Each structure stands twice: as C-alpha cells, then as structure tokens.
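For reference, the structure discussed in these notes is given below.
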Amino acid sequence: MSTTSSLASWPWRIASFLFWYAKAFVMANVYVTLDILRSKKRMKTSPAIIAVPAASESDTEWTLISCFITLTPGTLTLSISREHKILYVHGMFVESRESLVGEIQEMEDRMLRALRRSPGDLSRPLRVPDVVPVDEPPEDEVR
Amino acid sequence: MEFHDIMHGTGLVFIFLGIVTIIVAGIGLFRLPDLYLRASAVGTSAGLGVASIVIGALLMDFSWLNLVKAAVAVIAQLLTSAVGSMAIARSGYLNNSAPAEITHTDDLLKTRRDRVTDPEAESST
C-alpha cells in the first residue's frame, strides 16, 4: 500500500472504528443488562480469564486497547505482559477460548488500523507463550 | 418552538435511560458472584449511565459552550471509569481474591508464584 492511499483512507478507518466500537458497546450493554435481570437459574454467565496474544507495540496502543476492552461491559483487562505480548482478559460470557480471543483480536485489529497511519504488521504469535514466574522478579514488577 | 420541544423530550429520554442504567448496575452489584464480574459489568455501566445523563442535560439546555463541556465530561467519565475498574480488579487479583467457582479458565493463575488454590487459607491476612 503506497503512503498516499493509506493517508487518504485514515479518516475513514478512524470513523469506521468509532462506529463499530459504539455498536459493540451498546450491544454489550444490552446483553449484560439482560443477564443481570434474569433469574438466578437462567443466568448465562460463564466467566473466564483468558490470555489473548496481542499485536500492540507502543505505550499508547497498549493503554488504549486495555481501556477499550474494559469499557466494553462484560470484558475486563486484568493485566498485560508487554514482554510476552499478552493481554489477560476477564470475560463474562466465554463459551470457548477461541471465541473471546477472536472478539478481542478483531477489536484490536480495527483499533490499530484506526490508530496507525499505515496498519503495518498485525501478526500475532499463534500460540500463547507459557508465562511462568521467574525466580528473581525485576525491581519494577509488582509480583 | 417545535424544535425546542423535540430537544427537550429527547433530553428527558436520555436522562431516564441513564437512571435505568445506574439502577441496573446497582442490582448487578448484589446479583453477580465475584469481584471481577462486578467490576466489569457495573463499573462501566455506571460510567455509561452518567454519560447518558450528561448528554440528556446537554440536549435540554443546548449551547456550543455546553457541548464542549459535555464532551469533556463524557470522555473523562468513560476513561476514569475504565481505569478505575482495571485498578480495582487488578489489586483484587493481587490480594488473592479468588474468582467465583463458575470461572472455568484462569490463565493468570499460571503466572502466580504461590498458585493459590485455597482462598480460605489466604483470606485471613
């Protein structure tokens, strides 16, 4: 993609992300509201904490994607690992690992396309790397 | 005059939507089983409720200055409610608040040094 054509489509990409996000936001609100008002036996909540491989690079992108995920009712960013490129997302209605991962990655794809002048590389590691605690935690980490 | 009435009515609708959202969020606080579900469902729903009330008030008393004020208020409200929910949930996790039993997958547990499985043993501190 040449520089001029990607620059020309930038406003369009920003607008399309904002509209898509507004729609997803309202839908998630309705879904969560309905579930709260259901009787206890018919509640469909099946929460899970899933490690989602992410494609974000800069500070801005990491901050914005975790804010957008948290802003959507029903999903919540618990933690991120920039070193391993993982977002730890708590989801309220998680049928399978793949469904939540797909949902989050679609949002991230759209956000990165809106945020970057040219989208560039959106590839992610296919498999989540195993993150285990190291013996000597770096000073700047909480745990 | 007609246009003014329409704006006034739409403003009322938005304010009532906001009130309903906040009431539902309050019900959710009682009905959801654990900290994370409450934070994710309620924190941002309450943010949306306040934003909706601000938009309603803007429509009832529209001026360009108010539009700017409302835009700033809505953006700041949504941002802070998101960051607040994240901070609460994260600190809850670091303080061994175990997810409810219906939580079927927990990838974050693998990264923990102590791998807490029994919340009773930890909650005494």
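Protein chains get the first letters and strands the later ones, always in sequence-line order, with residue 1 at the start of each. Below, all heavy atoms of this structure are taken into account, side chains as well, without hydrogens, waters or symmetry copies. Here the structure is a predicted model, which is why all the values come from computation and not from measurement.
Contact annotation for S81(B): only side-chain heavy atoms (C-beta onward) come within less than 4.5 Å of a heavy atom of chain A. For S66(A), the parts sitting under 4.5 Å from any heavy atom of chain B are the backbone and the side chain alike. Residue contact with chain A, scored on non-hydrogen atoms closer than 4.5 Å, involves the side chain of L32(B) exclusively. Residue T75(A) touches chain B through its backbone alone, counting heavy-atom pairs closer than 4.5 Å. Residue contact with chain A, scored on non-hydrogen atoms closer than 4.5 Å, involves the side chain of V83(B) exclusively.
Most heavy-atom pairs under 4.5 Å with chain B: of the set T72(A), V94(A), V32(A), this distinction falls to V94(A). Note: P47(A) leads G74(A), P47(A), G91(A), P73(A) in heavy-atom pairs under 4.5 Å with chain B. Looking only at heavy-atom pairs under 4.5 Å with chain A, the residue among D34(B), T21(B), L78(B), V20(B) that has the most is L78(B).
Separating the OH atom in Y36(B) from the CD1 atom in I49(A) is a distance of 6.5 Å, to the nearest 0.5 Å. Here CD1 of I23(B) is found 12.0 Å from OG1 of T33(A). Values are rounded to the nearest 0.5 Å. In this structure, the separation between OG on S52(B) and CG on N29(A) is 10.0 Å, given to the nearest 0.5 Å.
Considering all non-hydrogen atoms of both residues, A89(B) and L76(A) come closest at CB-CD2, 3.5 Å. The shortest heavy-atom contact between A82(B) and C67(A) is CB-O, 3.9 Å.
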Practice task
Before giving the answer on side-chain contact (heavy atoms from CB on, under 4.5 Å), spell out for L78(A) and M86(B) the whole-Å C-alpha distance, their side-chain angles and the decisive distance to 0.1 Å.
Solution key: CA-CA 6 Å; L78(A) 269 178; M86(B) 274 192 274; over 6 Å; no

Handout entry: Residues L37(B), H90(A); criterion side-chain contact (heavy atoms from CB on, under 4.5 Å); working and verdict
Key = CA-CA 8 Å; L37(B) 285 169; H90(A) 180 281; 3.9 Å; yes

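More than 12 non-hydrogen atoms from other residues, nucleotides or ligands lie less than 6.0 angstrom from CZ of F68(A). Annotation: F62(B), atom CZ; neighbour count of heavy atoms from other residues, nucleotides and ligands within 6.0 Å is above 12.
In the hydrophobic cluster analysis, where Ile, Leu, Val, Met, Phe, Trp and Tyr join through side-chain heavy atoms closer than 4.5 angstrom, L115(A) is grouped together with F17(A). In the hydrophobic clustering of ILVMFWY residues, with side-chain heavy atoms under 4.5 Å counting as a link, W64(B) and M7(B) come out together. Taken together through direct or relayed side-chain contacts under 4.5 Å among Ile, Leu, Val, Met, Phe, Trp and Tyr, I75(B) and F25(A) form parts of separate hydrophobic clusters. One hydrophobic cluster holds both L37(A) and Y31(A) under the rule that ILVMFWY side chains link at heavy-atom gaps under 4.5 Å. Linking Ile, Leu, Val, Met, Phe, Trp and Tyr whenever their side-chain heavy atoms come within less than 4.5 Å leaves L58(B) and V72(B) in two separate clusters.
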